[in-house]
Amino acid sequence: MKVRRWMTAGAVAVATVAALNTVPAAAGKPYDPTSQTLGALGLRHGLQVGTAISMDALNDADDPQYRKIAATEFSSVTAENVMKWESLEPTRGNYNWGPADQLVDFAKRNRQRVRGHVLVWHNQLPEWLTGGVADGSISKPELRELLRRHITTVAKRYQGRIWQWDVVNEAVSDPWDTPPTLHYKGFWAEHLGPGYLADAFRWARAADPKALLYYNDYNIEAFGSGNPADDKTQFVYDMLRRLRAQGVPVDGVGSQGHLGTQYGNYNTFQVTEALRRFTSLGLVTAFTEVDVRSQLTEGVRAGDSEEINPRLQASAANFSVLMKACLAVRSCLSYTVWGFSDNHSWVPGWFDDPPEGLATIYDENYQPKLAYHEIKSDLILAGPPYVLPRLAPKPRR
Ligand code: XIL
């Protein structure tokens, strides 16, 4: 029985692959995959290739190239900032939906899916909220109710228009934090305790029955020691296994993919293995914020190609490792870059001691970098039997 079922599933998969891989040849012209967009090439595998969008850049009349690439190259978009709480509710009770609505409309016009980012995070919270908790004017029960209302209001407003929601972001500490033993960190854990995670997913599900609900975090691309006291991937894995065992409606895990060329690099198999293990919990996966930064040494800043080239190559290799691992695992539904061009990347503003940059797939003049070409070639060269169409998950109740 079981075997037969698998055989049928296999036959369907192969037929689907055959259909997806039909090469669209225009009359007389040979098909040239390099002229296709990343988004179109991803769709051959059912994979969405997305980007974070800066609304300031999108609305800058003097920067038409940003808008053009944002609209054409990608099949999914994420709000880089405008769906964060401080942006949506800058003063208590007054929601400022404009920029987030604009992003969702932009995506619709361009037939892009939307990753919602983010419902619960300890950063970019409005001052009235953190200040109110600090001065005691917002009690703990009130805080929990405010969180429930926020999740409900935002998820309901965009119901039907969000494909994946990052419900909870970055709940877990890093080995360099104090204490170094990994733990639940940040504003929400401190004030509500770790039970807020299960609550958040349940509230999000009640508000939006159809979106895929994700837990999202960085430094979970590969397993380390296997000890949850110092291996963040293991900690997150154990956490998600417990949430699943409690029947919490979490559908997926997002691995942000913020990498740096100065660190040791993962190989494709390590990353594939991590995605597989998350998948074995019954979860779908995604790379949600990929960028690969480098230190801007004096030589780099002076334009010395012998300093720049190895960094561009290492960056491209890291982008490619994550793409190949994603392609290899059918649960990996999307690959999103955190900004596509160096002139609008968050990296230089955020990592400035020492200065870092060169983190994206296009340079400051919107010229595609080696990283762009390498992930494009990964998408072109992939296919069955190792790369199969994506899974089609049903959101959990
Ligand atoms: C960053 C934005 O890119 C910046 O513009 C902003 O100033 C700070 O936040 N992990 C996340 C993202 O989940 O929301 C962060 O985005 C980058 C790290």
Side-chain angles (χ1 to χ4, degrees), residues 50-60 63 66 70 74 76-90 96 99-100 102-103 114-127 130 150-151 154 162 164-174 176-177 184-189 197 200 204 212-221 232-233 236 252-260 263 285-293 318-319 322 334-353 355-362 364:
T51 183
I53 298 284
S54 151
M55 295 314 287
D56 290 343
L58 198 69
N59 288 323
D60 182 350
D63 197 350
Y66 183 91
F74 303 96
S76 126
V77 290
T78 308
E80 183 171 359
N81 286 303
V82 299
M83 286 191 187
K84 293 171 180 172
W85 197 335
E86 70 171 6
S87 170
L88 287 179
E89 198 185 3
N96 166 37
Q102 198 205 334
L103 178 79
V114 183
R115 293 199 80 262
H117 179 82
V118 50
L119 294 174
V120 191
W121 191 27
H122 54 265
N123 279 343
Q124 293 178 277
L125 290 170
E127 221 289 310
T130 50
H150 177 75
I151 292 174
V154 178
I162 302 287
Q164 307 174 358
W165 259 120
D166 287 334
V167 177
V168 178
N169 197 32
E170 303 182 355
V172 178
S173 70
D174 297 288
W176 57 81
D177 288 328
Y184 293 99
K185 73 163 184 205
F187 182 83
W188 297 106
L197 278 117
L212 294 171
L213 305 183
Y214 272 71
Y215 175 75
N216 193 49
D217 215 330
Y218 58 90
N219 284 357
I220 58 167
E221 294 82 13
K232 188 167 175 181
T233 311
V236 168
V253 56
S255 179
Q256 293 182 0
H258 292 295
L259 302 180
Y263 308 119
T285 60
F287 286 109
T288 54
E289 306 185 10
V290 183
D291 58 13
V292 189
R293 60 189 187 270
N318 281 286
F319 269 101
L322 299 190
S334 57
Y335 181 104
T336 297
V337 294
W338 202 246
F340 53 85
S341 60
D342 285 341
N343 54 336
H344 292 298
S345 164
W346 73 304
V347 166
W350 204 262
F351 302 91
D352 54 1
D353 186 21
E356 296 183 61
L358 297 177
T360 71
I361 59 175
Y362 290 82
E364 312 217 323

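Order of listing sets the numbers, starting from 1, for every ligand and every atom in it. Starting from 1, each residue takes its place in the sequence as its number. Below, all heavy atoms of this structure are taken into account, side chains as well, without hydrogens, waters or symmetry copies.
- Residues forming a salt bridge (Lys or Arg N to Asp or Glu O under 4.0 Å) with Asp60 (at least two apart in sequence, or on another chain): none.
- Evaluated for a side-chain hydrogen bond (donor to acceptor under 3.5 Å, both in side chains) with Asn169, the options Asn123, Asp217, Asn216 yield exactly one hit, Asn216.
- A heavy-atom cutoff of 4.0 Å around ligand 1 is satisfied by the protein residues Glu80, Asn81, Lys84, His117, Trp121, Gln124, Asn169, Glu170, Gln256, His258, Glu289, Trp338, Trp346, Trp350.
- Here the rule is side-chain contact (heavy atoms from CB on, under 4.5 Å) with Val167, and of Leu212, Leu197, Val118, Leu213 only Leu213 fits it.
- Here the two rings, on Phe187 and Trp121, have centers that are 6.0 Å apart or farther.
- Ring geometry for Trp85 against Trp188 counts as parallel: the plane angle stays under 30°, on a 0 to 90° scale with 60° as the upper cut.
- Here the two rings, on Trp338 and His117, have centers that are under 6.0 Å apart.
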